[in-house]
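Working notes for the structure below.
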Amino acid sequence: MAYDFKEIEKKWGGKFVGFAGFKAQDFESKPKKYVLQEFPYPSGSGLHVGHAFSMTGADIYARYMRMNGFNVMFPMGWDAFGLPTENYAIKMGVKPQSITKENTEKYKAQMNRLGFSFDWDREVDTTDPGYYKWTQWIFTKLFEKGLAHKEEMAINWCPKDKIGLANEEVIDGRCERCGTETERRIISQWVVKITAYADRLLEGLKDTNFIEKVKAAQTNWIDKKIGANIRFEIKDSEEKLEVFTTRPDTLEGVTFMVIAPEHKLVKELLENEEVKKYVNEAKKKSEMERAELGKEKTGVFSGLYAINPVTKKEIPVWIADYVLVSYGTGAIMAVPSHDERDEAFASKYSLPINRDYVPDMKMMDLIVEKGVGEESVNYHLRDWIFSRQHYWGEPIPMVYCENDGWVAVPEEQLPVRLPEVEKYQPTDTGESPLASITEWVETECPKCGGSAKRETDTMPNWAGSDWYFLRYCDPKNEDALADMEKMRYWLPVDVYMGGDEHNTLHLLYSRFIYQFLWDLGVVPKEYPEPYIKRMSHGVILGADGNRMSKSVGNVIIPDKVADIYGTDVLRTYMMFMGPFDATMAWNERSLVGVKRFLEKFQRLVEESKDKYVVTSAEGMRTIHHLVKGVGEDIAEFKYNTAIAKIMEAVNDLTKNKMELAKTELLMMVKVLAPFAPFVAEELWSILGGEFSVHVSEWPKFEEKYLVSEIVTLSVQINGKLRGTVEVSPEASEEEVKKVAEEQEKVQKYLAEGKVIKVIYVKGKTINFVLTA
RNA sequence: GCCGAGAUGGCGGAAUGGUAUACGCUCAGGUCUCAAAAACCUGUGGGAGCAAUCCCGUGAGGGUUCGAUCCCCUCUCUCGGCACCA
């Protein structure tokens, strides 16, 4: 009988969408399981294989947990603010709102086709005013708590996208989105003090069960360094030069000082032509040029001398751009004998190198005693530039009043809705398109009632995705982010499935916002961290082994594969390709193997369904083994081996013509169900099961069926395999030894020496150790 | 440079101290067919041999062990992340 996937998908697909069995029930007495899959940005090109892969993995887990009696929440939504939509809107002259609607509908249809068991009642959309009201509310709280302020600063500016970028969004000096080289611009920007939470973010990792690489990525990003700030006096001046160092013990080895070209001391030295020239050149250099590795260091002597607070030696102060103004104090004490960079600089400019001293751990005490410095901590983590000069984002809910300065829009006036505009184009001046809508900008100060102006910047993409998992707990709440009791029931997220690319930024921002909300007392006190486990899925490469890209033409469209092979084959194949977290190349041919397998499975069920009343003993063993193995594998996301086990069982049953009664056939179908939901439902129905197999109880294996009467042991002589014996699993050493020694081949090898030791491992091996 | 992951047949990959290569692909042979495709069955790490069988074999080298893909040390390479961060 042919496998008509189109008919089966049509028949059951309609019933799956909106099926009550997939809905999460608040406060139900069953244990809860919150399975969170990163929500996508709904781009115009539709769902890609990466989405399909990750979501299938999450879906299998959610289905398995449901069948195991958990009240599962498996929601989905849209991270829909973003540049591509804005760009498309500009190009086509349409409203971003309507493009977003089109795209989300398309995504939703594709997800439903793939059979994902999302609870659509909890759908969220970051561009929905009912949602971004709370994104804005969070910002007003950050402002009230002194964690958000406006600052004039040099930012990374992308001349193509006309947008300010956070440091994290600049890769090798280029815009993360479009690859254009970024420029420096001075703009007044909202900055969020994530650094105030650096220690908490580091500490909190201990309460999570993230995989090692995720923890490492977060720790590295924060990169906490403990050292000392030391003040050096400047000769013939009242000024002091403060440096940060992790090696105060090398203070005696300091032979020169280096300050960044942007350092405040430099401003007074610009009369010196050489200094002026160097500083201007450094300013012109892009981030990329300055950060270029292996590049020869450059610098200029400032004319100043600092005095070593301990040795009292005079040492020259240099200006060089290998020292960054944004880290530490923007100045360093150079110890060429202990630092490669300092050494390279010293040898280029023929500066002295002191090799005749020994680093001294007591130096720190001396520094503190003399009052010239103290312990200090520095982080690589920088504060978070929160402003974007764009239309398609959450308006930052702030107004500027001549009397009161910056004032947050009060809760009852939220959301600050995005106004309809004629043009979405960003401006070259660096102002948001919102700035041109005078009637929107002109407003009233919430504090004094006087005239005031609205902030026209919008929030970065991350803002909406920081807290969406809270909203799923209570998506329609108009009075709070989400109801406290509902959050208390559903949180924390048990498994968060997503891509490696979000292991640093998104995860860190999201944890930070959660910790901030925790401090506000608006999320449950019991849970200091939002996510228990972070699972990062792998990457599917094109058939040529390269990353999928439109320009290369190696993109696999899940819809097209499903047209040819069916959804069940697509899902099962993706999970069978390799370990769930590995990087794997697409292989069209391997799809065929999965197709054959699902057909074979179906044939087996069809052929045995009315034939056997009782299952044979070996049939029982195969089935119970299967149930045990697949359950264990799914719980550990080892989907590739789970599928291999089902294949093995089907081969075994078919080849050895084992008999299966209906009960065991139903068990097999249940085990297949999370992977191939449509064909499983069909077979379930053929066997007389009631809709739906997906809410049926996961089968239980019984130990008594797992034990076999005979096991095969390896017989080793000096650790080398020389034969096998079949014995009872409970056989004694004497028995096994006797049976083994009866074998001609074993006798032959035993004759080569004298047995000095026998090692017997029950159920596994017997090893005869001979004299040399 | 630092951090993380890894290296197993022709290919994707299994095996967490006990029969290396499960499962799938590929390929070869067979069944069915007028024929082909599909499907199904059998075989498929390398070498020697008619065969029984033997030797070699999990990136390289060493170690621990009766026994190592697995544990320890040294090295090489690949992938991912971070990086003039003092």
Side-chain angles (χ1 to χ4, degrees), chain A residues 2 171-172 211-221 223 225 227 243-247 250 258 260 290-297 320-324 326-335 338-342 344-345 378-382 500-501 503-504 536 538-539 572-573 576-579 581-594 596-597 599-600 603 638 640-651 654-655 712-725 744-745 748 755-770:
Chain A
I171 311 292
D172 291 334
I211 50 173
E212 193 48 42
K213 80 167 159 185
V214 177
K215 282 192 184 185
Q218 299 237 324
T219 308
N220 275 343
W221 191 264
D223 197 17
K225 290 236 172 91
V243 300
F244 171 72
T245 178
T246 53
R247 294 293 305 272
T250 61
V258 187
R290 277 181 68 164
E292 206 176 309
L293 239 102
K295 174 203 74 165
E296 197 159 290
K297 297 185 184 1
D321 67 3
Y322 81 91
V323 169
L324 308 174
S326 51
Y327 186 77
T329 61
I332 63 161
M333 56 180 222
V335 187
H338 275 91
D339 186 287
E340 276 181 38
R341 294 155 304 184
D342 295 346
F345 193 77
N378 265 277
Y379 302 92
H380 173 214
L381 183 72
R382 302 294 153 82
D500 280 341
E501 69 275 21
N503 283 347
T504 38
S536 75
V539 177
T572 311
Y573 166 66
F576 183 63
M577 288 173 83
D581 56 359
T583 303
M584 300 158 293
W586 188 262
N587 182 354
E588 187 91 28
R589 277 179 180 163
S590 290
L591 269 165
V592 176
V594 172
R596 286 181 193 144
F597 154 65
E599 286 171 352
K600 201 168 174 179
R603 216 179 303 128
K638 290 161 88 175
N640 57 331
T641 53
I643 293 163
K645 278 168 187 156
I646 308 176
M647 288 173 168
E648 217 172 337
V650 170
N651 290 347
T654 312
K655 204 175 287 181
T712 308
L713 302 192
S714 61
V715 180
Q716 301 176 9
I717 316 280
N718 284 334
K720 270 196 189 264
L721 179 72
R722 295 303 180 189
T724 58
V725 287
E744 215 176 295
K745 197 168 143 187
K748 192 184 115 193
V755 178
I756 51 169
K757 201 172 176 186
V758 177
I759 286 146
Y760 173 54
V761 182
K762 212 183 246 183
K764 295 205 164 150
T765 193
I766 184 159
N767 187 9
F768 296 89
V769 185
L770 305 188

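Proteins come first, then strands; the chains are lettered A, B, ... in the order of their sequence lines, and each starts at number 1. Heavy atoms only: backbone and side chains are in, while hydrogens, waters and symmetry mates are out.
A217(A) is linked by a side chain to side chain contact (heavy atoms under 4.5 Å, CB included) to T504(A), counting only residues two or more places apart in sequence or in another chain. The side-chain hydrogen bond (donor to acceptor under 3.5 Å, both in side chains) search around N767(A) returns none, not counting sequence neighbours. Take N587(A) and apply the side-chain hydrogen bond (donor to acceptor under 3.5 Å, both in side chains) test, not counting sequence neighbours, and it matches S590(A). In terms of the side chain to side chain contact (heavy atoms under 4.5 Å, CB included) criterion, E501(A) has no residue partners (sequence neighbours excluded). Listed by chain and residue number, T245(A), D249(A), T250(A), H338(A), P359(A) satisfy the side chain to side chain contact (heavy atoms under 4.5 Å, CB included) test with R247(A) (two or more places apart in sequence, or in another chain). Residues meeting the salt bridge (charged side-chain N to carboxylate O under 4.0 Å, His left out) test with K645(A), sequence neighbours left out: D633(A). Residues meeting the side chain to side chain contact (heavy atoms under 4.5 Å, CB included) test with V758(A), sequence neighbours left out: E733(A), K737(A), V755(A), I766(A), F768(A).
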- Item | Base versus backbone protein contacts along nucleotides 16-21 of chain B [heavy-atom cut-off under 4.0 Å; B, S, -] | --BBS-

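At the heavy-atom level, K645(A) lies nowhere under 4.0 Å from the strands shown. As judged by a 4.0 angstrom heavy-atom cut-off over every strand, A216(A) is placed among residues touching the sugar-phosphate backbone only. Residue contacts for D223(A): at a heavy-atom cut-off of 4.0 Å it reaches the sugar-phosphate backbone alone, with no base atom in range. Residue contacts for N640(A): at a heavy-atom cut-off of 4.0 Å it reaches the sugar-phosphate backbone alone, with no base atom in range.
Close to C56(B), at under 4.0 Å from its OP1 or OP2, lies a side-chain N or O of K720(A). When the side-chain nitrogen and oxygen atoms of R603(A) are compared with OP1 and OP2 of A39(B), none of them lie within a distance under 4.0 Å. Taking 4.0 angstrom as the limit, K757(A) places a side-chain polar atom (N or O) nearer than this to OP1 or OP2 of C66(B).
When atom types are taken as modelled, the side chain of T219(A) and the backbone of K215(A) share a donor-acceptor pair closer than 3.5 angstrom. With hydrogens and angles ignored, the 3.5 Å screen pairs no side-chain donor or acceptor of D581(A) with any backbone N or O of S536(A). With hydrogens and angles disregarded, no donor-acceptor distance shorter than 3.5 Å links the side chain of D339(A) to the backbone of A334(A).
In this entry the distance linking CG of D500(A) with P of C3(B) reads 19 Å, nearest Å. Taking atom OH of Y573(A) as the reference point, atom C1' of C11(B) lies 11 Å away to the nearest angstrom. Taking atom CD on Q218(A) and atom C1' on G81(B), their separation rounds to 12 Å, with Å as the unit. C79(B) atom P lies 19 Å from atom CD of E501(A), rounded to whole Å. When rounded to the nearest whole Å, the span between NE2 of H380(A) and P of C2(B) equals 17 Å. Taking atom CG on D581(A) and atom P on G12(B), their separation rounds to 17 Å, with Å as the unit. Distance CD (E340(A)) to P (G1(B)): 9 Å, rounded to an integer number of Å. Note: NZ (K215(A)) to P (G80(B)) measures 25 Å, nearest angstrom.
Every stem involving RNA chain B, taken as at least 3 paired positions in a row under the Watson-Crick or G-U wobble test at 3.5 Å, is listed here: B:1-7 with B:76-82, B:10-12 with B:23-25, B:27-31 with B:39-43, B:45-48 with B:53-56, B:59-63 with B:71-75.
Base orientation of G13(B): anti, since the glycosidic angle falls outside 90° of 0.
The closest side-chain heavy-atom distance from V769(A) to N718(A) is below 4.5 Å. Between Y327(A) and I332(A), the closest side-chain pair of non-hydrogen atoms is not below 4.5 Å. The closest side-chain heavy-atom distance from Q716(A) to I759(A) is not below 4.5 Å. Taking the side chain as every heavy atom from C-beta outward, V594(A) and I643(A) never approach each other to under 4.5 Å.
Between Y573(A) and W586(A), the two ring planes are perpendicular [angle over 60°; tilted spans 30° to 60°]. Ring pair H380(A)/W221(A) is tilted by interplanar angle, where 30° to 60° counts as tilted.
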Distances under 3.5 Å between protein N/O atoms and the N/O atoms of nucleotides 24-29 of chain B, please, pair by pair.
{"unit_1": "G24(B)", "atom_1": "OP1", "unit_2": "N651(A)", "atom_2": "ND2", "d": "2.9"}
{"unit_1": "C25(B)", "atom_1": "OP1", "unit_2": "R596(A)", "atom_2": "NH1", "d": "2.6"}

Would you list the protein and nucleotides 69-71 of chain B atom pairs, both N or O, that sit under 3.5 Å from each other?
none

Each nucleotide N or O in nucleotides 43-46 of chain B that has a protein N or O under 3.5 Å away: list the pair and distance.
none

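Taking the P atoms as reference points, C32(B) lies 33 Å from C50(B), given to the whole Å. A gap of 23 Å separates the C1' atoms of G45(B) and U78(B), to the nearest Å. Straight-line distance between the C1' atoms of A15(B) and C23(B): roughly 12 Å, to the nearest whole Å.
Separation of atoms NZ (K757(A)) and CG (L770(A)) is listed at 13.0 Å; rounding is to 0.5 Å.
With C3(B), C23(B), G4(B) as the choices, the nucleotide that has an atom nearest any side-chain atom of N220(A) turns out to be C3(B).
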